[in-house]
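Presented below is the structure to which this report refers.
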2 protein chains.
Amino acid sequence: MDDACTINLTVRYLTKKWMLLIILELYKGDDHTRRFSDLRDSLDGITPKVLSERLKELEDEGILTRKVDATAFPIKAEYTLTASGLEIVEVIRGIKRWALKWKIENIPCGKQDCGVCVL
Amino acid sequence: MDDACTINLTVRYLTKKWMLLIILELYKGDDHTRRFSDLRDSLDGITPKVLSERLKELEDEGILTRKVDATAFPIKAEYTLTASGLEIVEVIRGIKRWALKWKIENIPCGKQDCGVCVL
DNA sequence: CGGTATCCTTTCGGATACTG
DNA sequence: CAGTATCCGAAAGGATACCG
């Protein structure tokens, strides 16, 4: 089973839809932190179900930590990138560099102010 | 549409099942070249349909080139990594480094002789 | 606010058989 | 050898509604 391979195990979840975008949103946040509704609003088109699933997977993988303040009302939940999560951003940068080098016709993200994947 | 983003456009196809493994197989081949049946045999469990699809996608993305010798019998087809294809291996290395650093319990690929994803 | 529960559609990939 | 053609089941993700 090729699934036992580190690379594939990793790629499997890192490449699910929205995954990288969520990591980037967290990265862009103050202290690399963001709230649930904040993420939902930033990621145009994502549904709460999928966002919730992804956040749980990322937490399971140790890429982010979740802190809930249940005493507050309304409830406040914060998601923060861990050290390993911050390092994944480097991998994403690598992908972006590759893409910009070989797919230059793809203008949008060449801009420093690309709202989607600023790196 | 977030699909217009370079990173996501790239990740979309790079992360399809078998994709990275195919690139690695090509990378391991002499002159980073391999034949169809060779790939099919090396990638345990892949079906000709999927392999064919993936190779076409990789060719479309300029990651490999295809050369067919139709005069020969049986027909001989060779797939070779391009310059950009070779550079993607670096990205994959980045993922592997990250995984080995943060997911060390995942032993198999720590070995230099891991047959699946030697890098 | 921060989710969960359902349902439903679509997409993907596997199995198998066949062809130039 | 190097694929293509069909068919099918599983799984992922979207839409929507509802709850603590």
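Every value quoted in this text rests on a predicted model; they were computed, and no experiment measured them. Lettering follows sequence order; numbering is per chain, from 1.
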Just how far, in rounded Å, is [atom2] of [N] from [atom1] of [X]?
X      : N       : atom1 : atom2 : answer
K16(A) : dA11(D) : NZ    : P     : 12 Å
E78(B) : dA2(D)  : CD    : C1'   : 13 Å
E53(A) : dA12(D) : CD    : P     : 9 Å
R12(A) : dA12(D) : CZ    : C1'   : 12 Å
D44(B) : dG14(C) : CG    : C1'   : 14 Å
L21(A) : dG13(D) : CG    : P     : 13 Å
D41(A) : dC1(C)  : CG    : P     : 8 Å
I22(B) : dA2(D)  : CD1   : C1'   : 15 Å

### Query
Is any side-chain heavy atom of Y13(B) closer than 4.5 Å to a side-chain heavy atom of I63(B)?
yes
### Task
State, yes or no, whether a side-chain contact exists between K56(B) and R66(B) at a heavy-atom distance under 4.5 Å.
no
### Query
Once you round to the nearest 0.5 Å, how far does CG of L26(B) lie from CG of L21(B)?
11.0 Å
Is there a donor-acceptor pair closer than 3.5 Å between any side-chain N or O of [X] and the backbone N or O of [Y]?
X      : Y      : result
W98(B) : S84(A) : yes
R34(B) : E25(B) : yes
K17(B) : I46(B) : no

### Under 4.0 Å protein heavy-atom contact, by nucleotide of nucleotides 14-20 of chain D - B base, S sugar-phosphate only
BB----B
Partners passing side-chain hydrogen bond (donor to acceptor under 3.5 Å, both in side chains) against [X] (at least two apart in sequence or in another chain):
X      : answer
S42(B) : none
T15(A) : none
R54(B) : E57(B)
S37(A) : none

### Query
With sequence neighbours left out, what residues match L86(A) under side-chain contact (heavy atoms from CB on, under 4.5 Å)?
Y27(A), H32(A), L81(A)
Would you indicate, yes or no, if [N] has its OP1 or OP2 atom less than 4.0 angstrom from a side-chain nitrogen or oxygen of [X]?
X      : N       : result
Y13(B) : dC12(C) : no
Y79(B) : dG3(D)  : yes
S52(A) : dT4(C)  : yes

### Summary of ring-ring contact (aromatic ring centres under 6.0 Å, His included) pairs that have at least one residue in residues 35-89 of chain A, sequence neighbours excluded
none
### Any pair counted as salt bridge (charged side-chain N to carboxylate O under 4.0 Å, His left out), so long as it reaches residues 79-92 of chain A, sequence neighbours left out
E87(A)-K101(B), E90(A)-R93(A)
### Residue pairs fulfilling salt bridge (charged side-chain N to carboxylate O under 4.0 Å, His left out) with at least one residue in residues 67-78 of chain A, sequence neighbours excluded
none
### Query
Residues from residues 54-69 of chain A sitting under 4.0 Å of DNA chain C, heavy atoms only?
K56(A), R66(A)
#### Entry: From dG13(C), dT4(C), dC1(C), nucleotide with atom closest to P74(A) side chain
dC1(C)
### Summary
In short, the helix from dC1(C)-dG20(D) to dG20(C)-dC1(D) is bent end to end, axes from five pairs each side, to 10°, by 50°
### Summary
Within residues 32-39 of chain B, the residues having a heavy atom closer than 4.0 Å to DNA chain D are R35(B), F36(B), S37(B)
